[in-house]
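A, B, ... follow the sequence lines: proteins, then strands. Residue 1 opens every chain. A quick note: this is a predicted structure, and the numbers were derived from the prediction, not measured.
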Amino acid sequence: MTKEELQVLYKAKILPESKNPYHFEVADQADLKIEAYNSLCGDKFQLYLETEGELIKKVSFYGFGCAVSKASTSLMARKLEGMQFKEAANLCNAFVSSLKEQQPLQAFEDEELGILNQLMRFDGRIDCIKLGWEAIDKNLK
Amino acid sequence: MLDDLKHDFPIFNSYPELIYLDSAATAHRPRSVITAINQFSILENSNIHRGVYDLSNNATGKYEEVRLKVAKFVGSENANNIAFTKGTTESINIVAQSYLADRLEQGDNIVTTIMEHHANFIPWQMLAEKHSIELRIAPVDENGDLIIEQLNALIDDRTKLVAFNHISNTLGTVNDIEQLIELAHQKNAPVLIDAAQSILYYDLDVKKLKIEFMAFSGHKMFGPFGIGVLYVADQLMDEIKPYNYGGGIIQSVTVNGTSFSNFPFNMEAGTPNVSGVLGLGSAIDYIEKIGKRMIKEHIGTLTKYCVEQMKQLSEVKMLGSPKNRSGIISFVVDEIHPHDIASFLNKDQIAVRAGMHCTQPLLHHFGESATARASFSIYNSKSDVDALIKSLKELIKFWA
Ligand SMILES: Cc1ncc(COP(=O)(O)O)c(C=O)c1O
């Protein structure tokens, strides 16, 4: 990725999402609290899930992270609302696997995940992208 | 300032545009060191201490010559003060396990500081937990300088070791080790100096300073990975038990028991990193050719320049402002996470580190989750600083 491409990607997608993250707030009353933490870089988000049975009604998150991890977690939060635990875990698992295998995300015909697809090619930042997704996958499996 | 030393480092032939500001993590290697390592494989390869044939005798001789060279490099005439290890981390763990563990009793304590690299923190924390003794941690002030009176108050007659770094790999603080050693010795506590960041350009005369233990790594002083040094003072050499068991460290082995060689020959079980040792020897030659004083001056000038430039950027905040700073600057930028900084600088061929730098307790103390870090070496120049500042300015503007 060239510097210009990086700038375009940040300007168009990452910064708007990370500067205005979805439900970026502490929600202590949430039914489920999951920590997403990268011990290498220090990024740490609390994920808050309001649930009804196994249905995810609301996702919020709060913490410290780079623009990439924040944007990615924010997009994830939008995606997971309305899903069953299993569905959410499957989506997160498929997403994380696709990152690890460096495969394009064609399986997800979804514009927002397409953004993350572009993000994925972003050198050296896969850990930032997958931070929240991996935490959901591990905890809802 | 030193000129043209960049040409000594082939990595910059491969990447002429590279602006490498991460020498605190690992330094690049000069051609002479690379040649020494390669030459061993091509002309000299054989195992040491075990053969009577020429190749092996020659390799053994060269390996042991480096032991003496390292001893002299740190101000000792006695090669046997020097054990070769995998690096600073292993050297410190050896002191923890092979020296300290067996002499800890309830009521004892170990003193260290909040600015330590995890390598000089976790080994003591683990010992303290296991032996139910106290780990005492000296604080730093807002400048990132140790608060000496408080450190002094932590050391008492039950202190079994005072372990501290010479230079903080995150703050760049240069500790006044003479003073710290004196404080420890007043209470009869031995010291361990983590010299990982200072060995390259500070005169560390172990005899004059009366240092008991000192640890450093080859790869931060232009040498190869996987080789490091543990210095142990004469009077403590007999107190160090083997760390790993295996061949090469024994006097005799029977089915009933084993007796071991003395330090340092009880440390290097198994086939050692012979080419690494020779590479380390070559790195010392290189450093001595240039001179520590020149290296220090060059890095000092660059760092001072960079600090001044960064002060002009209101969005940039440097972590700490130590009285005496080495070639390391940690910084944060308003609203921009260190990882994002590093990614953008990378696009301008500038290599900086982002994260916690293996100093989590220190970053917590400063209330930071991560910083970006620039560190300098002899192959850097003012134009590298200018490039860093230019990129930072551009990024800040872009982000707004
Ligand atoms: C101050 C300090 N101590 C210890 C270490 C650990 O050195 P090594 O990884 O070579 O064992 C480092 C390396 O980052 C360091 O900067």
Spatial distance of atom CG (A:Leu15) from atom CG (B:Asp340) [nearest 0.5 Å]: 8.0 Å
Kindly write out the residues that satisfy salt bridge (Lys or Arg N to Asp or Glu O under 4.0 Å) with A:Lys138, not counting sequence neighbours, or none if the list is empty. none
CH2 (B:Trp399) and CD (A:Gln7) are apart, to the nearest 0.5 Å, by 11.0 Å
More than 12 heavy atoms of other residues, nucleotides or ligands under 6.0 Å from CD of B:Glu335: yes or no? no
I'd like to know whether NZ of A:Lys11 has more than 12 heavy-atom contacts from other residues, nucleotides or ligands below 6.0 angstrom. yes
So with a 6.0 Å cut-off around NZ of B:Lys390, is the heavy-atom count from everything else above 12? no
Check: A:Met1 and B:Lys347 side chains under 4.5 Å, non-hydrogen atoms: yes
Heavy atoms of other groups near B:Tyr305 OH, more than 12 under 6.0 Å: yes
Part of A:Lys19 lying under 4.5 Å from any heavy atom of chain B: side chain
Ignoring hydrogens and angles, write down the donor-acceptor pairs under 3.5 Å from the side chains of residues 64-73 of chain A, residues two or more places apart or on other chains.
{"residue": "A:Ser69", "atom": "OG", "partner": "A:Asp43", "partner atom": "OD2", "Å": "3.1"}
{"residue": "A:Ser69", "atom": "OG", "partner": "A:Cys66", "partner atom": "N", "Å": "3.2"}
{"residue": "A:Ser69", "atom": "OG", "partner": "A:Cys66", "partner atom": "O", "Å": "3.2"}
{"residue": "A:Ser72", "atom": "OG", "partner": "A:Ile129", "partner atom": "O", "Å": "2.7"}
{"residue": "A:Ser72", "atom": "OG", "partner": "A:Trp133", "partner atom": "NE1", "Å": "2.9"}
{"residue": "A:Thr73", "atom": "OG1", "partner": "A:Ser69", "partner atom": "O", "Å": "2.7"}

Report, by ascending residue number, the residues of residues 368-377 of chain B in heavy-atom contact with chain A at a distance under 4.5 Å; give 'none' if the set is empty. B:Ser369, B:Ala370
Counting only heavy atoms not in B:Lys86 (residues, nucleotides, ligands), do more than 12 fall under 6.0 Å from its NZ? no
Any Lys/Arg nitrogen of A:Lys3 or B:Glu394 sitting under 4.0 Å from an Asp/Glu carboxylate oxygen of the other? yes
Could you tell me whether B:Tyr15 atom OH has more than 12 heavy atoms of other residues or ligands within 6.0 Å of it? no
At what distance, to the nearest 0.5 angstrom, does SG of A:Cys128 lie from NE2 of B:His337? 7.5 Å
Is it true that, when you exclude A:Glu52 itself, more than 12 heavy atoms of the residues, nucleotides or ligands shown sit nearer than 6.0 Å to its CD? no
Sequence-distant partners of B:Ala354, side chain to side chain contact (heavy atoms under 4.5 Å, CB included), two or more places apart: B:Pro338, B:His339, B:Ala342
Name the orientation class of the two ring planes belonging to A:Tyr10 and B:Phe344 (parallel below 30°, tilted from 30 to 60°, perpendicular beyond 60°). perpendicular
So do B:Ser343 and A:Arg125 actually touch side chain to side chain, heavy atoms under 4.5 Å? yes
